[in-house]
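Below is one structure, written out as structure tokens, with a few remarks after it.
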Amino acid sequence: MSNPNDIPPAPAAPSDFIRDIVAAHVSEHRYPRIHTRFPPEPNGYLHIGHAKSICLNFGIAREFGGICNLRMDDTNPTKEDIEYVESIQADVNWLISGWAEDRLGLKQHSKVPEEKTAEGKKDFFMPPVFGTSEAERKHSDVKLEPFYASDYFDQIYECAVTLIRKGKAFVCDMTPDQTDEYRRLGKASPFRDRGVEENLDLFTRMKNGEFSDGARVLRAKIIVDAPNIWLRDPLIYRIKHADHHQTGGKWCIYPMYDFAHCISDYIEGITHSICTLEFEVHRPLYDWILEGLDLPRPLPHQYEFARLSLGYTVMSKRKLMQLVQEKLVTGWDDPRMPTISGIRRRGVTPVALRNFAYNIGITKYNGITDVSVLEFAMREDLNKRALRRLAVLRPIKVVITNYPGDKVEELNAVNNPENPVSGGRKIPFSRELFIERDDFQEVPPPKFFRLKPGGEVRLKYAYIIKCEAVIKDAAGHVTELRCTADLDSKTGGATSARKVKGTIHWVSAAHAVDAEVRLYDRLFTVPEPDAGGDFKQHLNPHSLEVITAKCEPSLKDASPDERYQFERLAYFALDYDSKPGKLVFNRTITLKDAWAKEAQKI
RNA sequence: UGCCCGAUGGUGUAACGGUAGCACAACAGACUCUGAAUCUGUUUGUCAUGGUUCAAAUCCAUGUCGGGCAACCA
């Protein structure tokens, strides 16, 4: 009933400038169907910025009855790995599950683009398979998988040949440094006017492996001194004698992003190719290539939006990779990481992440989103679904001196006051208890309405107790509190309506189960860790604290599919490091703490 | 330096020539057997200067500031 994948009432569909464009295209019937795509390069783990893009692309598919293809943009084998291909699929599936999974466009394993002739022009088309759920796919005989740009290497190669034949591309023999220099100066390559036959021959020989890496490249012939550098005869193919995680040793030349991406979009029938702002200046090239190929079907178009920047974190793959490699975190899915897998492991629900993506909107403005927006989305969803439990993180012993030593009561507790159908449970109460160390102060500040010498407080679901004596060790540390209970004040009892200002949580010492609890805090101490200098100098040394907590016995049966609120403390999720008999909880996010704020003022 | 893009409270966004609204945050109060949640209320904004117009956040010009691109990366 509180499965993290449950879909709550969906918020009204968001509106932004891209959706406005799509809506206009839908109303004018520009395309038979809206088709987007999410095209990560498998060279790292997906992070929360990708989540924004996933929610946009799949959201549009969902709202306009379209499809969103998952495509690995795998044109640079030396940076990519199958590990990333797999993690990306897992992350996407998790994020769209129960929301847009039926909009996910996949392809049959080993299927290649259909080749046909339309309007006397040669055409390639790679139709999607969609409308399946992850569960269905698992049990199906037909193996479905993401699209891969590498599936189109034959077609992309053919497109390059077409461009050469049309005199729109040439093989260039300059060194990388020379090429840079010439492009910067807006000078034409001396090889620019090579004849078609020579270009064809050289390009074939590039493919056949006759040249070493970097010896030659294929360049588009556009405008050598265009104001937009991406039009200054950009490189579209380079030699790389490297095995590819999908195509193995078949190729030693690989298309550049700009060449592969627009053609991949076209082959898949993408209508709206949505990417981040840094590709804005590439758009004329995207259009130039597709127009130059003289293709029969409607062409896709590129639209750009601002990538996500979040306070107190870093987002670049390079920096995240560095954190992993230098073991500053435990891995890509360390719960402190802004990766989707880290966020998932921390206990954040896909619903919360989607609501976050919805709340931050889509624009072309590069702002920094406050983490409080993410934290709000996390708490909002967790508050609705988390089972309430009593657990004491930093225990101090309490003895109820007027409660019999051999007595145990089973008290009624509510699982979730926000959700009546979640029912209740029993919690054992006995003479010796643990309460939170923070809930007692020998010299309390003003407005402290927890336990203090001579003061009263209610034990949640149990009795009102009064602190009669404070026991200390030789060093003066408080080790134990002696209290008396108002035995008539039991919840539901005779004078249960009696009011005291404070209510605190507790566990019965004899019945408590131990759990390892990992308390996570933000990874960095400053809002913009990568603003300048070395971002690692801003690492928060206290971003992880591991403690052993005392938990109410029902937590023994905690499930990784549930979310828990340890009352008055925080939300927690079971970590996959848990084993039978050894509970490990991750703190997802604390509850708001008005008292901490109040206490700071004093 | 060249080219491209952007600028609305503390933060993120809406308003598409006609009442500057929403969310988060902050603050105050109510309620509370979670100092949570919930409820009520409050504070704070159109980068600047000109122009067009009955009317400008919106259109135009100039400037300022910020971001991006100038990889045989994506």
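Just so it is clear, the structure is predicted and the values come from calculations on it, not from any experiment. Letters A, B, ... are given to chains in the order of the sequence lines, protein chains preceding strands, and every chain is numbered from 1.
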Practice item. Please state the C1' separation for the pair U43(B) and A28(B) - nearest whole angstrom. Key: 10 Å
Review point. Quick one: what's the B/S/- string for nucleotides 56-61 of chain B, heavy-atom cutoff under 4.0 Å, read 5' to 3'?
Key: ------
Review point. Say you pick atom P in A70(B) and the same atom in U13(B); how far apart are they, in whole Å?
Key: 24 Å
Review point. Is Arg450(A) touching bases, backbone alone, or none of the nucleic acid, heavy atoms closer than 4.0 Å?
Key: base
Check your understanding: When rounded to the nearest Å, what value does the distance between C1' atoms of U11(B) and G45(B) take?
Key -> 12 Å
Exercise for review: Output every pair passing side chain to side chain donor-acceptor pair (under 3.5 Å) with a member in residues 180-189 of chain A, not counting sequence neighbours, ordered by first then second residue.
Suggested key: Glu181(A)-Arg184(A)
Practice item. Inspect the contact between Arg498(A) and Glu456(A) and indicate whether a charged nitrogen and a carboxylate oxygen are less than 4.0 angstrom apart. Key: yes
Review point. Below 6.0 angstrom between ring centroids: does that apply to Phe153(A) and His244(A)?
Key: yes
**Study point:** Whole-Å gap separating C1' (A15(B)) and CG (Asp20(A))
**Key:** 12 Å
Point to revise | Protein-nucleotide distance (Lys384(A), atom NZ; A36(B), atom P), rounded to Å | key: 19 Å
**Study point:** Counterpart residues, ring-ring contact (aromatic ring centres under 6.0 Å, His included), relative to Trp332(A) (two or more places apart)
**Key:** Tyr45(A)
Check your understanding: Between Glu280(A) and Lys364(A), is the closest basic N to carboxylate O distance under 4.0 Å?
Key -> yes
Exercise for review: Identify, with sequence neighbours excluded, every residue that meets side chain to side chain donor-acceptor pair (under 3.5 Å) alongside Ser508(A).
Suggested key: Ser430(A), His511(A)
Practice item. Can you sort out the partners of Tyr571(A) under ring-ring contact (aromatic ring centres under 6.0 Å, His included), two or more places apart, ordered by chain and number? Key: none
Exercise for review: Considering only atom C1', compute the distance from G9(B) to A57(B) and round it to an integer number of Å.
Suggested key: 14 Å
Practice item. Answer with base, sugar-phosphate or nothing: what part of the nucleic acid does Phe448(A) contact at a heavy-atom distance below 4.0 Å? Key: base
Exercise for review: Would you confirm whether the ring centroid of Phe429(A) sits within less than 6.0 angstrom of the ring centroid of Tyr463(A)?
Suggested key: yes
**Study point:** Nearest-Å distance for atom pair NE2/C1', residues His505(A) and G35(B)
**Key:** 13 Å
Practice item. Can you figure out which of A36(B), U34(B), A7(B) approaches the side chain of Pro417(A) most closely? Key: U34(B)
Review point. Under 4.0 Å: is that the gap between some side-chain N or O of Lys499(A) and OP1 or OP2 of C33(B)?
Key: yes
Check your understanding: Quick one: does Gln565(A) reach the base of U34(B) with a side-chain donor-acceptor pair under 3.5 Å?
Key -> yes
So which protein N/O to nucleotides 20-25 of chain B N/O distances come out below 3.5 Å?
unit_1, atom_1, unit_2, atom_2, d
C24(B), O2', Ser372(A), OG, 2.9

Review point. With a 3.5 Å cut-off and just heavy-atom distances, do the side chain of Arg568(A) and the base of G35(B) make a donor-acceptor pair?
Key: no
Check your understanding: How would you label the contact of Ile368(A) with the nucleic acid (heavy atoms, under 4.0 Å): base, sugar-phosphate, or nothing?
Key -> sugar-phosphate
Review point. When you compare U52(B) with U19(B), how far apart are their P atoms, in angstrom units rounded to a whole number?
Key: 22 Å
Point to revise | By side chain to side chain donor-acceptor pair (under 3.5 Å) - contacts of Gln89(A) (at least two apart) | key: none
Exercise for review: Scan side-chain atoms only and decide if Arg389(A) and Asn415(A) contain a donor-acceptor pair under the 3.5 Å cut-off.
Suggested key: yes
Study note, to complete from the structure: Sorted by chain and residue number, the side chain to side chain donor-acceptor pair (under 3.5 Å) partners of Lys79(A) (sequence neighbours excluded) come out as none
Point to revise | Candidates Asp438(A), Thr503(A), Asp439(A) - the one meeting side chain to side chain donor-acceptor pair (under 3.5 Å) with Arg568(A) | key: Asp439(A)
Give me, pair by pair, the N or O atoms of the protein and of nucleotides 40-47 of chain B that are less than 3.5 Å apart, along with how far apart they are.
none

Check your understanding: According to the Watson-Crick and G-U wobble definition with distances under 3.5 Å, which dot-bracket string, read 5' to 3', encodes RNA chain B, using [ ] for crossing pairs and | for pairs with another strand?
Key -> (((((((..((((....[..)))).(((((.......)))))....(((((..]....))))))))))))....
Revision key, fill the gap. Per-nucleotide protein contact along nucleotides 65-74 of chain B, 5' to 3', at a 4.0 Å heavy-atom cut-off (B base, S sugar-phosphate only, - neither), is --SBSBSBSB
Review point. Is it true that Glu375(A) and Arg522(A) make a salt bridge, defined as a side-chain N closer than 4.0 Å to a carboxylate O?
Key: yes
Check your understanding: Are the charged groups of Asp213(A) and Lys240(A) less than 4.0 angstrom apart, N to O?
Key -> no
Check your understanding: Would you call Glu409(A)-Lys490(A) a salt bridge at under 4.0 Å N-O?
Key -> yes
Review point. Would you call Arg71(A)-Glu268(A) a salt bridge at under 4.0 Å N-O?
Key: yes
Check your understanding: For atom C1', what is the distance between G17(B) and C22(B), given to the nearest Å?
Key -> 22 Å
Practice item. Could you list all the ring-ring contact (aromatic ring centres under 6.0 Å, His included) pairs where at least one residue sits in residues 208-229 of chain A, not counting sequence neighbours? Key: none
Exercise for review: Rounded to whole angstrom, note down the C1' distance from U44(B) over to G10(B).
Suggested key: 8 Å
Check your understanding: Is the shortest side-chain N/O distance from Thr363(A) to OP1 or OP2 of U13(B) below 4.0 Å?
Key -> yes
